[in-house]
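These notes concern the structure reproduced below.
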Amino acid sequence: MPVSLGWTADRALAALLDALDEGVLVFDERQMCRAAGRRAADVLAVDPRSLIGLSRKEIVEQIAAATTSAEAVRALHEEVLAGGSTVADPIEIVGAHPRTLVWTSVPIEDPAGAIGRIDVLRDVTRERRAEEDSADMARRLSLAAIVDELTGLMNRRRFEEECQREHRRS
C-alpha cells in the first residue's frame with residue numbers, strides 16, 4: 001500500500017480498511033487513490049490494488065459508466081464538492097450483480113485546508129430490498145383487510161366503513 005505513514009501506520013490502515021463492512025477509498029491532496037479497502041473493491045467489482053494510483057475522477061467515471069443514477073453520481077464530481085462533504089444516494093449499479101450504493105465523501109483537513117478525501121461506499125442493496133418488500137407487504141395487507149380475495153369485492157368490514165362514512169356525510 002503506497003501510503004507513507006510509517007510501517008506500523010501503513011499496516012494498521014490496511015487492516016482497518018480490510019476489516020470494515022463499508023468500502024473505503026483514501027485520496028491524497030492531488031485526489032489520487034492512496035488506499036482502498038477490500039469492500040470498496042468488492043462493491044466496484046475490481047481488485048483493490050487496481051484502484052491504487054487512480055485519480056478520484058477515474059473511479060467516479062467507472063461508477064458513472066455502470067449506473068443509471070447519473071444525477072447521484074454528479075454529486076461526487078470534484079467541481080460539485082468544492083472541499084465539502086457530500087452523500088450520493090442512491091447509486092444504482094447495473095450489470096451481472098446489481099446493487100444499490102450510498103457513497104459518502106468527506107474531506108481530510110488540517111489547519112491549512114483540505115489535504116485529501118475519504119470516500120465511504122456502503123452497499124445498501126439488502127436494506128433497500130427489505131424496505132420495498134415491507135412496503136409491498138403492508139400494501140397487500142391493507143388491501144386484504146378490505147377486499148374479498150375470492151370475488152375481489154369489498155368485504156363486510158369495508159362495507160360497514162363505507163356505510164358509516166355515507167351516513168355521516170348525509
Side-chain angles (χ1 to χ4, degrees), residues 1-140:
M1 179 178 298
V3 177
S4 59
L5 300 173
W7 183 85
T8 305
D10 285 349
R11 297 284 180 158
L13 179 60
L16 175 66
L17 294 178
D18 286 341
L20 294 172
D21 284 336
E22 286 83 14
V24 178
L25 300 169
V26 180
F27 298 94
D28 63 16
E29 66 280 351
R30 297 172 307 149
Q31 299 304 305
M32 301 302 285
C33 185
R34 299 291 304 268
R38 169 191 53 81
R39 286 289 296 146
D42 290 348
V43 166
L44 298 173
V46 296
D47 178 32
R49 292 178 300 247
S50 70
L51 296 170
I52 306 301
L54 290 179
S55 71
R56 189 172 179 285
K57 182 178 181 180
E58 291 172 313
I59 295 171
V60 169
E61 286 173 355
Q62 283 181 6
I63 289 293
T67 185
T68 58
S69 313
E71 191 64 34
V73 173
R74 216 176 328 245
L76 297 170
H77 289 289
E78 285 306 308
E79 58 275 5
V80 175
L81 293 175
S85 298
T86 191
V87 177
D89 178 22
I91 297 177
E92 303 288 341
I93 304 294
V94 295
H97 301 287
R99 61 188 74 211
T100 303
L101 303 178
V102 174
W103 186 317
T104 305
S105 184
V106 179
I108 304 170
E109 297 178 340
D110 72 358
I115 58 171
R117 291 195 88 73
I118 294 180
D119 286 12
V120 179
L121 290 72
R122 201 167 129 239
D123 188 344
V124 294
T125 307
R126 284 191 208 148
E127 292 92 339
R128 297 291 164 91
R129 283 191 188 137
E131 290 169 3
E132 290 169 4
D133 290 347
S134 178
D136 184 50
M137 182 64 75
R139 184 189 53 76
R140 288 189 294 145

Quick one: [atom1] on [X] to [atom2] on [Y], what's the gap to the nearest 0.5 Å?
X   : Y    : atom1 : atom2 : answer
R34 : L13  : CZ    : CG    : 10.0 Å
I59 : L51  : CD1   : CG    : 5.0 Å
I91 : L121 : CD1   : CG    : 7.5 Å

Please name all residues satisfying side-chain contact (heavy atoms from CB on, under 4.5 Å) with [X], sequence neighbours left out, ordered by chain then number.
X    : answer
I115 : I108, D110
E61  : K57
R30  : D28, M32
E131 : R128

Not counting sequence neighbours, which residues clear side chain to side chain donor-acceptor pair (under 3.5 Å) with [X]? List them please.
X    : answer
S55  : E58
R49  : D47
E92  : T100
D133 : none

Quick one: does T104's side chain get under 4.5 Å of E22's, heavy atoms only?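 A side-chain contact is absent here, since even the closest heavy-atom pair is not under 4.5 Å.
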Show me the donor-acceptor pairs within less than 3.5 Å that the side chains of residues 36-46 make with the rest of the protein, sequence neighbours left out.
unit_1: R38; atom_1: NE; unit_2: D18; atom_2: O; d: 3.2
unit_1: R38; atom_1: NH2; unit_2: D18; atom_2: O; d: 2.9
unit_1: R39; atom_1: NE; unit_2: D21; atom_2: O; d: 3.0

All pairs passing salt bridge (charged side-chain N to carboxylate O under 4.0 Å, His left out) where residues 95-108 contributes a residue, at least two apart: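 Residue pairs passing salt bridge (charged side-chain N to carboxylate O under 4.0 Å, His left out), neighbours aside: R99-D123.
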Nearest heavy-atom pair of R117 and S85: which atoms, and what distance?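 Taking R117 first and S85 second, the nearest heavy atoms are NH2-CA, 4.1 Å.
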Salt bridge (charged side-chain N to carboxylate O under 4.0 Å, His left out) partners for D119, two or more places apart: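 Per chain and number, D119 pairs via salt bridge (charged side-chain N to carboxylate O under 4.0 Å, His left out) with R56.
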